[in-house]
2 protein chains.
Amino acid sequence: MKFDERHLIQLAAVVKTGGVTEGAALLGLAQPAVSRTLSMLEKRVGEPLFIRGRRPLQPTPLGLSLAEHGLVMLAASRKASDLVESFRVGKSGVVRIGGTPFFMDALIAGLCAEFQASHPDVRIDQNYGYFPDLRAALKADQIDLAICPIDILDEGSGLEFQQILPGRNVVACRVTHPLLLKRRPQPSHLLDYPWIAPPPGSPLLADLRALLLSFGATEIKIRYSGGSLMSVINYLKSADALTIMPHSVVFAQRKEKSITALPIAIPHPERALAILTRTDAPLSPAVEQFAGFVRSGFESLRHLIKRHEEAVVWGL
Amino acid sequence: MKFDERHLIQLAAVVKTGGVTEGAALLGLAQPAVSRTLSMLEKRVGEPLFIRGRRPLQPTPLGLSLAEHGLVMLAASRKASDLVESFRVGKSGVVRIGGTPFFMDALIAGLCAEFQASHPDVRIDQNYGYFPDLRAALKADQIDLAICPIDILDEGSGLEFQQILPGRNVVACRVTHPLLLKRRPQPSHLLDYPWIAPPPGSPLLADLRALLLSFGATEIKIRYSGGSLMSVINYLKSADALTIMPHSVVFAQRKEKSITALPIAIPHPERALAILTRTDAPLSPAVEQFAGFVRSGFESLRHLIKRHEEAVVWGL
DNA sequence: GAATTTCATAACGATCTGTTATACTGATGC
DNA sequence: GCATCAGTATAACAGATCGTTATGAAATTC
């Protein structure tokens, strides 16, 4: 005995509403359609599903049991419909993001949480990587969207950068660092302290090398490397060490009052943060929503940084 | 977005098995049918449900979520099919029985439990009543089957008795009753003890009256009445009272060794126990099974009683 | 017992289903 | 890199099914 699921749903609707007419209305059908379905079901099952000739239509035990299964299907069907609707407007789905570790840890994770306040049914899968990895992951459709500093894209690579924050590197240290006490700290002083090297593969590492070269420094006291952002910060908090960091990352930590940036202008390449996506395939609605949220989030951040810097300048 | 539930089930089958061909096979369909359903679904949903061009067919998150709902429906559908199968062979369903209190309590309740050892999914609803009530309940389709002593049925009543046990009334008392010590207890001795009257409406009450009349007794010391079987037995256990009971009910209590029957032959009308059912509507499979079980159960009981009585005779 | 509501049946067009046959595409082998 | 192969998509068609309107039958209600 194999059922057409729709028939069981119709049965469920009739049992639930207590009438063929009402059941049909519940499903948006005409009454004869449902009536015929019931007759057909009874014939096929070979057992009565309703007690005939009773006006508040009353199911037999078998009819009732079958209707319960139908109700399960009806609920599942409704849920499926809702799911598609919410998926379409980006209210459900999966967003697979990748990005450079410091940015992800400092800025994106929090944004994800904020995003889910309005999109609770969107799942976010986060991955770490630097540009080459991210580019490959995007091409291989392992992630939907990458967040990393702008890099060079081949022509016709099928990828696209959208800048979300202008970049600037700073030298970070703990708030009690002795260099902060100096009236005018000089770049050469930077060589007096132990350094934390950014993770290998990180653009920051290249930037650090360029920075040192600009001082004519050939050697640097690297005492720690390989840690994630939290490790680096915790190390910094416990020593007068220095490291190079995107300004926005240091800025994001300002509330903690544990690390800050040295007021030393250092050379820095153009490293604007951007969203990297594929151009060949359309983004799923949830990804689209998330990307929009990230853009507006960084737009706010940009203004915040701007006002903050103006305030700091005035405060000087 | 409203789905044809069957489509979601097909989607579920494909996701579950990991291939269109296998999914189709799981549902007993040809591959093109399922393939077309998938194409159609994707077009209607407007979002890809599978990542194209991957051989171990891989669903998108949306496809996967939809498939989960489809799986729910598939499971419900299977359960519904199983339910009908088990109903057909009487392995599930509801049996609504009614009967005279003493028989139900003494004999039927235990049989119900035994029945459900082989039919665990059959629910039994038990009701009490005497013949007129049971007849009415059957006609009103409130019960499927009644168990009571055979009574007079009108011609064309649409009901039918099937005898399951020949009837015989005995005088019951506790095993320590003084009358049991007498060599040859006489009917007249019965008037010396207090009596328990069977419940009003009970055939036993009429039988008791007839019994007394046969002794020429006009008065009897009725000290207790209205109790269910358990009350009557508990009363009997605590006093040298007497009461009239169907022999089978006393017999059913033999293991308890608390009450027994006096070896006094008393006049008794023909009161064979029977199953009363409607003849106009077919019994549901579960009821049929139950009726068969009751018949064979009483068949065994009949033999048991016979052997038991022969043994008692030999023992004398 | 008449009115009204509800259910069952009939007939019909449109749609959809499932089938077979066949072309296509990605995986696998050398 | 090309051939082979398994699995998937497409096409075409016959049959079933759906949902509709119109209408008759049955039961409830007043």
Side-chain angles (χ1 to χ4, degrees), chain A residues 1-45 47-60 63 67 70 73-74 77 139-141 280-281, chain B residues 1-45 47-60 63 67 70 73-74 77 139-141 280-281:
Chain A
M1 172 93 276
K2 198 155 164 302
F3 285 105
D4 182 334
E5 290 72 25
R6 201 181 314 178
H7 296 161
L8 289 181
I9 289 182
Q10 292 185 16
L11 172 66
V14 170
V15 169
K16 184 188 173 87
T17 61
V20 177
T21 307
E22 291 160 304
L26 181 69
L27 301 176
L29 296 177
Q31 168 265 323
V34 176
S35 183
R36 182 174 53 191
T37 296
L38 294 186
S39 309
M40 199 268 274
L41 269 181
E42 290 198 325
K43 193 154 55 185
R44 286 188 54 179
V45 170
E47 302 285 342
L49 302 178
F50 288 92
I51 297 170
R52 323 305 300 192
R54 278 247 169 24
R55 190 60 81 184
L57 213 51
Q58 212 175 341
T60 62
M73 298 190 214
L74 179 57
S77 183
K139 296 298 287 181
D141 194 32
D280 51 359
Chain B
M1 174 91 275
K2 198 155 165 304
F3 285 104
D4 183 334
E5 290 71 26
R6 199 182 314 176
H7 296 162
L8 289 181
I9 289 182
Q10 292 186 14
L11 171 66
V14 170
V15 169
K16 184 188 173 86
T17 60
V20 177
T21 306
E22 291 160 307
L26 181 68
L27 301 176
L29 297 177
Q31 168 264 323
V34 176
S35 184
R36 181 173 53 191
T37 296
L38 293 185
S39 309
M40 199 268 275
L41 267 181
E42 289 197 325
K43 193 153 56 184
R44 285 187 54 178
V45 169
E47 305 283 345
L49 301 178
F50 288 92
I51 297 169
R52 323 304 300 194
R54 278 249 170 19
R55 188 59 78 184
L57 215 51
Q58 211 176 342
T60 62
M73 297 190 217
L74 180 56
S77 184
K139 293 300 287 182
D141 194 31
D280 50 0

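Note that this is a predicted model, so its numbers are computed, not measured. Residue numbers begin at 1 in each chain, while the letters A, B, ... track the order of the sequences.
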*Touch check for A:Thr37, heavy atoms < 4.0 angstrom, all strands: base, sugar-phosphate only, or nothing?*
nothing
*Counting just side-chain N and O atoms, does A:Ser39 come under 4.0 Å of either OP1 or OP2 of C:dT9?*
yes
_Between B:Phe50 and B:Val20, is there a side-chain heavy-atom distance shorter than 4.5 Å?_
no
*Close side-chain approach of B:Val45 to B:Phe3, heavy-atom, < 4.5 Å*: yes
*Carefully, step by step, assess B:Ile9 and A:Glu5 under the rule side-chain contact (heavy atoms from CB on, under 4.5 Å).*
CA-CA 9 Å; B:Ile9 289 182; A:Glu5 290 72 25; 3.2 Å; yes
*Under 3.5 Å, is there a donor-acceptor pair linking the side chains of B:Gln31 and B:Thr21?*
no
_In the structure I gave you, are the side-chain heavy atoms of B:His7 and B:Leu38 within less than 4.5 Å of one another anywhere?_
no
*Tell me: NZ of A:Lys2 to P of D:dT17, nearest whole Å?*
12 Å
*Please work out which residues in residues 3-29 of chain A have a non-hydrogen atom less than 4.0 Å from an atom of DNA chain C and list them by number.*
A:Gly19, A:Val20, A:Thr21
*Starting at CZ of A:Arg36 and ending at P of C:dA10, how long is that distance when rounded to a whole Å?*
11 Å
_Note, B:Val34 side chain near B:Val14 side chain (heavy atom, < 4.5 Å)_ = yes
*Starting at CG of B:Leu41 and ending at P of C:dC16, how long is that distance when rounded to a whole Å?*
13 Å
*asked:* Checking the side chain of A:Arg44 only, and the main-chain atoms of A:Lys2 only, is there a donor and an acceptor separated by less than 3.5 Å?
replied: yes
*Where A:Gly23 and A:Thr17 come nearest, the two heavy atoms and their spacing*: N-OG1, 3.0 Å
_Output the rounded distance in Å from NZ (A:Lys43) to P (C:dA8)._
13 Å
*So, A:Glu42 side chain and A:Pro48 main chain: donor-acceptor pair closer than 3.5 Å or not?*
no
*Between B:Met40 (CE) and C:dT15 (C1'), how many Å, whole number?*
11 Å
*Could you state the CD-C1' distance from A:Glu42 to C:dA8, rounded to the nearest angstrom?*
12 Å
_Please report the distance, rounded to the nearest Å, between CD in B:Gln58 and C1' in C:dA27._
15 Å
Under 3.5 Å, which protein N or O atoms sit close to an N or O of nucleotides 21-28 of chain D? Give each pair with its distance.
| unit_1 | atom_1 | unit_2 | atom_2 | d |
| --- | --- | --- | --- | --- |
| D:dA26 | N3 | A:Arg55 | NH2 | 3.2 |
| D:dA27 | O4' | A:Arg55 | NH2 | 3.1 |

